[in-house]
Amino acid sequence: MQHGPAVRRRKLGEELRALRDRTGLTSGEAARLAGWHQSKISRIETGRSGVKVEDIRLLLDVYGDVVSAQQRALLEALSASAAGPETGTGRGRQWWHDYRGLLPQEYRDFISLEAGARSARTVELSVVPGLLQTPEYARAVTRAALGGLPEPKVDALVDVRLARQSVLRADPPLELSAVLDEAVLRRKIGGSGVMEEQLRYLVEVARLPQVRLQVLPFSVGGHLGLTGPFVIFSFPNIADLDVVVLDHLTSSLYLERKEDLEAYSAAFRTIQAHALPPRDSSDLISALADDA
């Protein structure tokens, strides 16, 4: 288990080394073509240091035709999230960098993974996932979780939450599969009015073709998700790049070992199989909204 930047740097290095091998270049030859010392290639490929997006673009130009457009886009996104604050600027700058004074590094890591992913599978036990929250629900959650925060900071964090949701309407959009414990729907965060609006929005967003929303009813009893919420991110055209994110009160953990990914993927499939089908889930959410 490692924090985001270390995971991203190692994965980025592995993919860059695989691309270099496909070109038939040695590390020394690649370094010479890039105008670098060989030690820089070594540090990047082993994940020992961050790398600027500009350097990744130069290296990918060196590797030429073996790099697809989608691989290039994702590796650039990975380099931005792996670099850390000292190198994650310049042309690779993303919108969340404007919130560096507000957001901890781990949250920025999470956003960068979300922005670069092809799909996300998530199980939530307590609150509506951030990608599906209404502004007022997001505000109520933020106030509850970070009590005493000045209102301008609450506003900024809500803005971040809403900005993240753009991935669901990007081209191509993030494919989201979410399983919500029934408790998520019955916990009246922000009061009845806020909760009714949130529930009706869930029904609306569940109609999007890229969103699969299911409810795990109380009648299921105990289930694998009781160990805690999790998110599994999957990425396009990059082998073995999936990552599981576990949230804790003061930190997040990133799991990338094959056995961890298999275990959480199997757990998600099991939880999803016990959940109500999407249509029945929407019917339940609608009924709860009427009673809110």
Salt bridge flag under 4.0 Å for residues [X] and [Y]:
| X | Y | value |
| --- | --- | --- |
| E259 | R257 | yes |
| E204 | R200 | no |
| D61 | R72 | yes |
| R143 | E151 | yes |

Shared hydrophobic cluster for [X] and [Y] (ILVMFWY, side-chain gaps under 4.5 Å):
| X | Y | answer |
| --- | --- | --- |
| I285 | V141 | yes |
| L131 | L185 | yes |
| V127 | V179 | no |
| I189 | L132 | yes |
| L176 | I271 | no |

For [X] against [Y], the heavy-atom pair lying closest together:
| X | Y | value |
| --- | --- | --- |
| L174 | A120 | CD1-N, 4.0 Å |
| A183 | L125 | CB-O, 3.9 Å |
| F233 | A117 | CD2-CB, 3.8 Å |
| S126 | R187 | O-NH1, 2.9 Å |
| E182 | P217 | OE1-CA, 3.3 Å |
| L103 | I111 | CD1-CD1, 4.0 Å |

Are the side chains of [Y] and [X] in contact, using a 4.5 Å heavy-atom criterion?
| X | Y | result |
| --- | --- | --- |
| L59 | I41 | yes |
| R108 | S112 | no |
| L75 | L12 | yes |
| S286 | V203 | yes |
| R161 | Y137 | no |

- Message: Would L208 and V205 count as a side chain to side chain contact (heavy atoms under 4.5 Å, CB included) here? Give the steps.
- Response: CA-CA 6 Å; L208 294 173; V205 77; 3.5 Å; yes

- Message: Can a side-chain donor-acceptor contact be found between Q38 and S27 if the only test is distance below 3.5 angstrom?
- Response: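 Judged by distance alone, the side chains do pair up.
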
What distance separates [X] [atom1] from [Y] [atom2], expressed to the nearest 0.5 Å?
| X | Y | atom1 | atom2 | answer |
| --- | --- | --- | --- | --- |
| R139 | D159 | CZ | CG | 8.0 Å |
| L60 | D55 | CG | CG | 10.5 Å |
| D260 | F230 | CG | CZ | 12.0 Å |

- Above 12 or not: heavy atoms from other molecules or residues under 6.0 Å from CG of D65?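 No.
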
Looking at [Y], is its backbone amide N or carbonyl O close enough to the side chain of [X] to form a donor-acceptor pair, meaning the two atoms are under 3.5 Å apart?
| X | Y | answer |
| --- | --- | --- |
| Q165 | G130 | yes |
| E76 | I56 | no |
| T23 | R20 | yes |

- Task: For L180 and T122, run side chain to side chain contact (heavy atoms under 4.5 Å, CB included): C-alpha distance rounded to whole Å, both residues' side-chain angles, the deciding distance at 0.1 Å, then the answer.
- Result: CA-CA 8 Å; L180 311 186; T122 184; 5.8 Å; no

- Task: Could you check whether the rings of W95 and Y99 sit parallel, tilted or perpendicular, using 30° and 60° as the cut-offs?
- Result: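 Plane angle over 60°, so perpendicular.
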
- Query: Can you list the steps and then say if R121 with S234 is a side chain to side chain contact (heavy atoms under 4.5 Å, CB included)?
  - Reply: CA-CA 9 Å; R121 291 165 283 169; S234 297; 3.4 Å; yes

- Message: Walk me through whether I44 and W36 qualify under side chain to side chain contact (heavy atoms under 4.5 Å, CB included).
- Response: CA-CA 12 Å; I44 292 171; W36 299 342; 3.9 Å; yes

